[in-house]
Amino acid sequence: MEIWFNPSNAIESALSTIAAQTDGFGPEFIPGVRPADPRFGDYQANGVLAFAKRNQVNPRELAARLIAAAEASDAFDPKLVTLDIAGPGFINFTLTPAFLWQWQLAYSTKDDYQSGAKALRDGHKVIIDYPSANTAKQAHIGHLRPMVIGQAIARLLDFCGADMVRDNHIGDWGTNFGTLIMKIKRDAIDLSALGDDALITLDQLYKDGSALELEQPELRTISRNELVLLQQGDQVNTAIWEQIVEISKIAFEKLFVQMGVEVDITLGESFYRDKVQRVYDELTQIGLAEESDGALVVWHDEVKKFARDNERPYPFNIRKNDGASNYASTDLATVLYRLEEFKADEIIYLTDARQQDHFQQLFLTTEKWFKAKGYALPVMSHVFWGTILGSDKKPFKTKSGESIKLQELLDEARSRAFDVVTEKNPELDEAERREIAESVGIGAMKYADLSSNRTQDYVFSWDRLLSFEGNTAPYLLYAVARINSIFRKVSIDPEAPIEGASPLETETEIALARKLMGFVSALELTLNDLRPHFLCTYLYELASAYSSFNAADKVLVDDDAIKARRLLLCARTRTVLQTGLELLGIQPLERM
RNA sequence: GCACCCGUAGCUCAAUUGGAUAGAGCGCCUGACUACGAAUCAGGAGGUUGGGGGUUCAAGUCCCUCCGGGUGUACCA
């Protein structure tokens, strides 16, 4: 029997083969192997229960027959894996310490761990529609989740073999430009002279402009005209618009660098303004879009909410009644562009949960449109998350009604982490403490956002976001730092091969080895639903298993074989933790 | 009104999508540093999974119904 890299999959296929040759089972039998509660074993198969139910037979008897057949085959060496039956008909598989040890010897590097993951999205062209930010506005706390979740998902997909295009789909063609240009012209602002805080000034100009419109409604007409001029390509307004977009891009670039967000292309909504006409034409030509109240819309009768005869009409409005494009028009044009330009196999959208209707309509429309035209339809998914709420359970605002600025949040994270580092490690020089604080502070913030199920809303709290104890980034970073410390002490490169190790013995060694093996399953689970908290949970459990091992079993003992074995476990743990942290966008540290 | 989402320990969250005795962290209580790093470890208390009914070998998870909260409801993105 070979040492399976991915035991869950290996057991699943072995059982399928065996069942096909065993009386009482049919081809429709699915073993249903999954990681089990460690109290019962490493993996469990519970497909026998469902199968027995469908076929009106005794599940325990059936399970016993399958186990007997499995044991008679050469697929399960009893020295490496044991099978037993439990409860109404579960089959439990327990890997022996001998298996766990051989697994550690067989698979050791990041590449080894990645080899299983690579198959998951091998060569897939995936476009990720990155955290889109509106131009001319400062990023606030609402931009935290898209950036954090987006980069983690992009790194995961990349690790799993996808060919990624990270597209920064900026909102650079909105109606807000009318107001902004009106105010800029009115105050004769020279945008090129604003300096470093240009975006803050723009932000203020927009707010002041909006306030002014409320006081003097006649200004709205002027703003609307400025927008029309811009859309018609007026030279002066286009120049102003270009400057505004440039200022915004520079400001966002600064944040992206701090947040570790990578961008491959930046194609804003303005890029698609000459591409929407084809959308109108094609959707009209295939009979999908029609006029309604002067607008061009698409109905989806199979969904009650979007059906034509719904008491409150809710079509997908793809062109406004004044003839202007909107969110839907550019999104449709964008899908087509991504197909034709990038040959996208998959497109992932990142927005909060409130936009689910939009994406449902977008996906339905694209599906029908592409089918009618014979275009290849990419897989489209909407990765959404809950809102960050204030203590009043409303979307988060400070007392003055403003959202916390993202920059302010990052600075607070660094500053809190710096205080803790200084308290714990006063002997380190300031530059190193700053570097550690960067990873700990920003890492803690990211991890807090990633470690809970993204679909839930959560209430904002500094302490929640910047906690350094328990299931947090610093806990994982600390485990890595301690491992590094051990290798430093004996002057051994943790990446180097380790020879002469003896097999696993203690309970904590075995528990750690067991946990190490689970990395690939954790990746699969995370990728399935694009929910990073599964990876966080796994990494936390691994770090916890390591901490227990570290407390129970001394690594640097006199016996060379025991020392080598424990150093090997340390090295493996380090590799998995570092790889996992990098996937989450958290920078591992040599010491902290 | 209609549609969708949510309600789990004092607090913040898990529970591999219907699997076995619902798990963690924080907080609280007991212990463990002349150290391979205590940002840690070992242990304890804490639950009628909002209430009620149903489906089945099995329900926090699925169905029905109440209660409480959130979101969306074409020409903002």
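The shown structure was predicted, so the numbers you read here are calculated from the model rather than taken from an experiment. Just so it is clear: chains get the letters A, B, ... in the order the sequence lines come, proteins before strands, and each one is counted from 1.
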Close residues, residues 30-42 of chain A, relative to RNA chain B [heavy-atom separation under 4.0 Å]: A/Arg34, A/Pro35, A/Arg39, A/Phe40
Would you mind reading off the distance between [X] atom [atom1] and [N] atom [atom2], rounded to a whole angstrom?
{"X": "A/Phe460", "N": "B/G70", "atom1": "CZ", "atom2": "P", "answer": "21 Å"}
{"X": "A/Asp357", "N": "B/C75", "atom1": "CG", "atom2": "P", "answer": "12 Å"}
{"X": "A/Asn453", "N": "B/U61", "atom1": "CG", "atom2": "C1'", "answer": "13 Å"}
{"X": "A/Tyr538", "N": "B/C13", "atom1": "OH", "atom2": "P", "answer": "26 Å"}
{"X": "A/Leu523", "N": "B/U16", "atom1": "CG", "atom2": "C1'", "answer": "14 Å"}
{"X": "A/Leu450", "N": "B/U12", "atom1": "CG", "atom2": "P", "answer": "20 Å"}
{"X": "A/Phe534", "N": "B/G23", "atom1": "CZ", "atom2": "P", "answer": "17 Å"}
{"X": "A/Asp331", "N": "B/A74", "atom1": "CG", "atom2": "P", "answer": "18 Å"}

Complement of [N], any strand, by Watson-Crick or G-U distances under 3.5 angstrom:
{"N": "B/A45", "result": "none"}
{"N": "B/C62", "result": "B/G54"}
{"N": "B/U40", "result": "B/A32"}
{"N": "B/U12", "result": "B/A24"}
{"N": "B/G7", "result": "B/C67"}
{"N": "B/C2", "result": "B/G72"}

Which value, in whole Å, describes the distance between the [atom1] atoms of nucleotides [N] and [M]?
{"N": "B/G54", "M": "B/G60", "atom1": "P", "result": "15 Å"}
{"N": "B/C6", "M": "B/U21", "atom1": "P", "result": "25 Å"}
{"N": "B/G19", "M": "B/U56", "atom1": "C1'", "result": "12 Å"}

Under the side chain to side chain donor-acceptor pair (under 3.5 Å) criterion, do A/Gln355 and A/Tyr327 qualify, and how do the steps go? CA-CA 11 Å; A/Gln355 295 187 34; A/Tyr327 190 24; 2.4 Å; yes
Which nucleotide, [options], lies nearest any side-chain atom of [X]?
{"X": "A/Ala295", "options": "B/C75, B/G19, B/U12", "result": "B/C75"}
{"X": "A/Lys53", "options": "B/G19, B/A3, B/C57", "result": "B/C57"}
{"X": "A/Asn321", "options": "B/A74, B/C75, B/U16", "result": "B/C75"}
{"X": "A/Arg464", "options": "B/G19, B/U12, B/A15", "result": "B/U12"}
{"X": "A/Tyr327", "options": "B/A3, B/A20, B/A77", "result": "B/A77"}
{"X": "A/Tyr458", "options": "B/C13, B/U16, B/G72", "result": "B/C13"}
{"X": "A/Leu525", "options": "B/U16, B/C13, B/G72", "result": "B/U16"}

Pick base, sugar-phosphate or nothing for [X], based on heavy-atom distances below 4.0 Å to the nucleic acid.
{"X": "A/Glu541", "value": "nothing"}
{"X": "A/Asp352", "value": "nothing"}
{"X": "A/Ala86", "value": "base"}
{"X": "A/Asn46", "value": "base"}
{"X": "A/Thr330", "value": "nothing"}
{"X": "A/Asp293", "value": "base"}

Strictly under 6.0 Å, is that where the ring centroids of A/Phe468 and A/Tyr475 end up? no
Using only heavy-atom distances, decide whether a donor-acceptor pair under 3.5 angstrom links the side-chain of A/Ser292 to the base of B/A74. yes
Taking donor-acceptor contacts at under 3.5 Å, does the side chain of A/Asn92 reach the base of B/A20? yes
A/His533 side-chain N/O to B/A15 phosphate OP1/OP2 under 4.0 Å: yes
May I have all residue pairs that pass ring-ring contact (aromatic ring centres under 6.0 Å, His included) and include part of residues 30-56 of chain A, sequence neighbours excluded? A/Phe25-A/Phe51, A/Phe29-A/Phe51
Residues pairing under ring-ring contact (aromatic ring centres under 6.0 Å, His included) where one sits in residues 289-324 of chain A, two or more places apart or in two chains, turn out to be A/Phe306-A/Tyr314, A/Phe316-A/His358
Between the protein and nucleotides 6-11 of chain B, are there any N/O to N/O pairs under 3.5 Å, and if so, what are the atom names and distances?
none

Could you go through A/Thr387 and A/Asp352, starting from their C-alpha distance and side-chain angles, then the distance that decides it, and tell me whether this counts as side chain to side chain donor-acceptor pair (under 3.5 Å)? CA-CA 7 Å; A/Thr387 318; A/Asp352 79 18; 4.5 Å; no
Electrostatic pair [X]-[Y], nearest N-O below 4.0 angstrom:
{"X": "A/Asp419", "Y": "A/Arg414", "answer": "no"}
{"X": "A/Lys304", "Y": "A/Glu311", "answer": "no"}
{"X": "A/Arg488", "Y": "A/Glu590", "answer": "yes"}
{"X": "A/Arg308", "Y": "A/Glu290", "answer": "yes"}
{"X": "A/Lys207", "Y": "A/Asp203", "answer": "yes"}
{"X": "A/Glu302", "Y": "A/Lys368", "answer": "yes"}

By ring pair (Phe, Tyr, Trp, His ring centres under 6.0 Å), A/Tyr349 pairs with (sequence neighbours left out) A/Phe359, A/Phe363
What does nucleotides 32-46 of chain B look like as a protein-contact string, B for base, S for sugar-phosphate only, - for none, at under 4.0 angstrom between heavy atoms? ----BBSBSSS----
Decide yes or no on side chain to side chain donor-acceptor pair (under 3.5 Å) for A/Ser270 and A/Asp172, but give the supporting numbers first. CA-CA 6 Å; A/Ser270 65; A/Asp172 59 356; 2.7 Å; yes
Sub-3.5 Å donor-acceptor pair from the side chain of A/Arg145 to the main-chain atoms of A/Gly386, do we have one? yes
Could you tell me whether A/Arg273 sits above the aromatic face of A/Trp241, with NZ or CZ closer than 6.0 angstrom to the six-membered ring centre and within 45 degrees of the axis? yes
